[in-house]
Asker: 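Sharing a structure below in structure tokens format, with a few things to ask.
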Amino acid sequence: MATHRFDPNFTDNVVNSMGDNVNPRFRQLMSSLIRHVHDFARENELTVDEWMAGVKLINWAGQMSDAKRNEGQLLCDVIGLESLVDEITFKLADEATDAPTATAILGPFFRADTPFRQNGDNIVKTAPKASDPKGEMAFMHGRVVDFESKKPLVGAVVEVWQASTNGLYEQQDKDQEEFNLRGKFRTDDDGRYSFYCLRPTPYPVPDDGPAGKVLKLMDRHPFRPAHIHIIATYDGYKPLTTQIFDRKDPYLTNDSVFAVKDSLVVDFVERKGDPQAGLELNYDVRLVPAAAE
């Protein structure tokens, strides 16, 4: 029995309008989505003006999105949806003391066309400006291994990207060389990868689009804690998308997109005898075979 004063049959009529040939999983998802959205509208007695404001916000996100920026994804990020879906999908990573490397959200600034580089290369192609916070150079290295056997995975691909110290990824900043602070690396015969990078710094998510507007309307800060993005892949293994976070960052406990997990917090330590970097990070990636449950 309906508990509201609107047409009690309306939502059932919409759900039941789907035909007999609908994929079962799609039917389940759409039925649930329709019921939740309709309940939201009735519970809040949503007006046409409010609904149109939401439609315009979604349209705006689409209009701003391209191959270098996904504003729709960023909008999902600031309301926690992508991080929630990530948790649901990969809950195993948070449940074991010794577990595969935990996942984290992809974020809106991934580029599919990032070039390969040699192990030991420097991904800093455009040095931070003097007016920006001082960029600290770091040497990041580690192994990609099988989660259970700890066997090195030779030829695994490790892709990384990070924002510069001015808070911008290279595709946001005309003054940065293309593919600055990005690179793909193949692990060597010992399963190792390595590269020089910047110690990451916190930055605000872009405020020139709907995601920034929503944050302001919710009276929330826009800052993300300092992090480096990683995607690791190897044939026959589940691909990993994650982020690693600097333990000394002040925004670890209130990330604007809710992506921080304890197991992804890392420590940069002093590196001695290397004129290219005063810091280093040893970070191993543990992958799970695709057939594993």
Side-chain angles (χ1 to χ4, degrees), residues 29 33 36-37 40 50-90 102-114 132-133 159-176 178-182 198 200-231 239-246 249-261 264-265:
L29 293 174
L33 175 65
H36 280 79
V37 170
F40 167 80
E50 290 167 338
W51 168 69
M52 279 305 303
V55 170
K56 289 178 180 178
L57 189 78
I58 294 170
N59 289 345
W60 185 14
Q63 290 158 0
M64 290 191 69
S65 298
D66 56 26
K68 295 183 177 181
R69 173 175 177 172
N70 191 328
E71 185 69 18
Q73 190 166 0
L74 183 58
L75 186 58
C76 291
D77 289 348
V78 300
I79 63 172
L81 181 57
E82 187 176 3
S83 289
L84 175 59
V85 171
D86 174 74
E87 180 190 9
I88 293 168
T89 306
F90 298 101
T103 58
I105 63 175
L106 179 67
F109 295 109
F110 167 73
R111 289 189 63 169
D113 54 351
T114 295
D132 291 335
E159 181 169 358
V160 298
W161 67 102
Q162 63 178 146
S164 189
T165 54
N166 64 356
L168 299 175
Y169 290 87
E170 51 87 14
Q171 69 263 59
Q172 298 175 274
D173 185 359
K174 62 181 178 57
D175 293 327
Q176 291 185 46
E178 189 169 26
F179 301 117
N180 183 45
L181 297 169
R182 295 178 184 271
L198 293 174
T201 51
Y203 65 85
V205 299
D207 63 358
D208 59 340
K213 182 174 182 178
V214 168
L215 281 172
K216 291 176 183 176
L217 290 171
M218 291 192 292
D219 191 26
R220 284 173 44 199
H221 77 76
F223 279 90
R224 295 228 54 215
H227 62 278
I228 297 175
H229 293 266
I230 299 174
I231 293 179
L240 171 76
T241 299
T242 195
Q243 301 175 24
I244 52 174
F245 300 88
D246 189 338
D249 191 274
Y251 294 102
L252 280 180
T253 58
N254 57 353
D255 179 9
S256 63
V257 303
F258 311 98
V260 177
K261 297 175 182 176
L264 297 177
V265 178

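Please read all numbers here as calculations on a predicted model, not as lab measurements.
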Asker: Using side-chain heavy atoms (C-beta onward) and a distance below 4.5 Å, is W161 in contact with I231?
Answerer: yes
Asker: Under the side chain to side chain donor-acceptor pair (under 3.5 Å) rule, collect the residues that match up with Y203, sequence neighbours excluded.
Answerer: Y169, H227
Asker: Taking side-chain contact (heavy atoms from CB on, under 4.5 Å) as the criterion, tell me which of I230, T114, L181 meets it with V160.
Answerer: I230
Asker: In Å and rounded to the nearest 0.5 Å, what is the CE to CD distance from M64 to E71?
Answerer: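 The CE atom of M64 sits 5.0 Å away from the CD atom of E71.
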Asker: For the residue pair F245 and L252, what are the closest heavy atoms and their distance?
Answerer: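 Looks like CB-CD2, 3.6 Å.
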Asker: Hey, could you give me the CD1/NZ distance between I244 and K261, rounded to the nearest 0.5 Å?
Answerer: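 Taking CD1 in I244 and NZ in K261, the distance rounds to 14.5 Å.
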Asker: For a quick test of your reading: what N or O donor-acceptor pairs under 3.5 Å do the side chains of residues 204-214 make, sequence neighbours left out?
Answerer:
residue	atom	partner	partner atom	Å
D208	OD1	R69	NH1	3.3
D208	OD1	R69	NH2	2.9
D208	OD2	R69	NH1	3.3

Asker: For V85, check side chain to side chain contact (heavy atoms under 4.5 Å, CB included) against everything at least two apart and list the hits.
Answerer: L81, T89
Asker: Can you list everything that forms a side chain to side chain donor-acceptor pair (under 3.5 Å) with Q63? Sequence neighbours excluded, please.
Answerer: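 Expected list: none.
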Asker: For a 4.5 angstrom cut-off between non-hydrogen side-chain atoms, does Q73 reach F109?
Answerer: no
Asker: With a 4.5 Å limit on heavy-atom distance, are the side chains of T241 and F110 in contact?
Answerer: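 Not in contact.
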Asker: Could you list the residues that satisfy ring pair (Phe, Tyr, Trp, His ring centres under 6.0 Å) with F258, not counting sequence neighbours?
Answerer: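 Testing F258 for ring pair (Phe, Tyr, Trp, His ring centres under 6.0 Å), a comparison that skips the adjacent residues, returns none.
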Asker: Could you pull out all residues at least two apart from D249 that satisfy side chain to side chain donor-acceptor pair (under 3.5 Å)?
Answerer: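 None.
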Asker: Taking salt bridge (Lys or Arg N to Asp or Glu O under 4.0 Å) as the definition, give me every residue that meets it alongside D175, ordered by chain and number, with sequence neighbours left out.
Answerer: K129
Asker: Write down the atom of A259, the atom of A104, and the distance for their closest heavy-atom approach.
Answerer: O-CB, 4.3 Å
Asker: If the condition is side chain to side chain donor-acceptor pair (under 3.5 Å), which residues does E178 pass it with, not counting sequence neighbours?
Answerer: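 Scan of E178 (side chain to side chain donor-acceptor pair (under 3.5 Å), adjacent residues dropped) gives R111.
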Asker: What's the separation between atom CG in N180 and atom CG in D173, rounded to the nearest 0.5 Å?
Answerer: 8.5 Å
Asker: Check side chain to side chain contact (heavy atoms under 4.5 Å, CB included) between I58 and all other residues, then give those that pass, not counting sequence neighbours.
Answerer: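 Per chain and number, I58 pairs via side chain to side chain contact (heavy atoms under 4.5 Å, CB included) with no residue.
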Asker: Which distance, rounded to the nearest 0.5 Å, do you find between the CG of L75 and the CD1 of I79?
Answerer: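 Here the rounded value is 6.0 Å.
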Asker: Just to verify, what does P200 make a side chain to side chain contact (heavy atoms under 4.5 Å, CB included) with, not counting sequence neighbours?
Answerer: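 Per chain and number, P200 pairs via side chain to side chain contact (heavy atoms under 4.5 Å, CB included) with Q162, A226, I228, F268.
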Asker: Can you confirm whether or not the ring centre of H221 sits under 6.0 Å from the ring centre of Y251?
Answerer: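 Yes; Y251 has its ring centre under 6.0 Å from that of H221.
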Asker: Is V257 close to R224 at the side-chain level, that is, under 4.5 Å between some pair of heavy atoms?
Answerer: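 Side chain of R224 against side chain of V257, heavy atoms only: contact under 4.5 Å found.
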Asker: Any donor-acceptor pair under 3.5 Å linking the side chain of R220 with the backbone of V78?
Answerer: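 Checked: pair present.
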Asker: Calculate, to the nearest 0.5 Å, the distance between atoms CD and CZ belonging to Q171 and R182 respectively.
Answerer: 4.5 Å
Asker: Counting N and O atoms only, with roles assigned by atom type, does the side chain of S164 sit under 3.5 Å from a partner on the main chain of E170, one being a donor and the other an acceptor?
Answerer: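 Here the side-chain-to-backbone pair does not exist.
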Asker: Give me the atom names and distance for the closest heavy-atom approach of L215 to P222.
Answerer: CD1-CA, 3.9 Å
Asker: Mind jotting down which residue pairs meet the side chain to side chain donor-acceptor pair (under 3.5 Å) criterion with at least one end in residues 53-62? Sequence neighbours excluded, please.
Answerer: none
Asker: Could you report the tightest heavy-atom contact between G167 and A163, atom names first, then the distance?
Answerer: C-CB, 4.3 Å
Asker: Measuring from I105:CD1 to D77:CG, what's the distance to the nearest 0.5 Å?
Answerer: 4.0 Å
Asker: Going by salt bridge (Lys or Arg N to Asp or Glu O under 4.0 Å), name the residues that satisfy it together with D66, two or more places apart in sequence or in a different chain.
Answerer: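 Salt bridge (Lys or Arg N to Asp or Glu O under 4.0 Å) check on D66 returns nothing, list empty.
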Asker: Going through the checks in order, is the side chain to side chain contact (heavy atoms under 4.5 Å, CB included) test met by F223 and N254?
Answerer: CA-CA 8 Å; F223 279 90; N254 57 353; over 6 Å; no
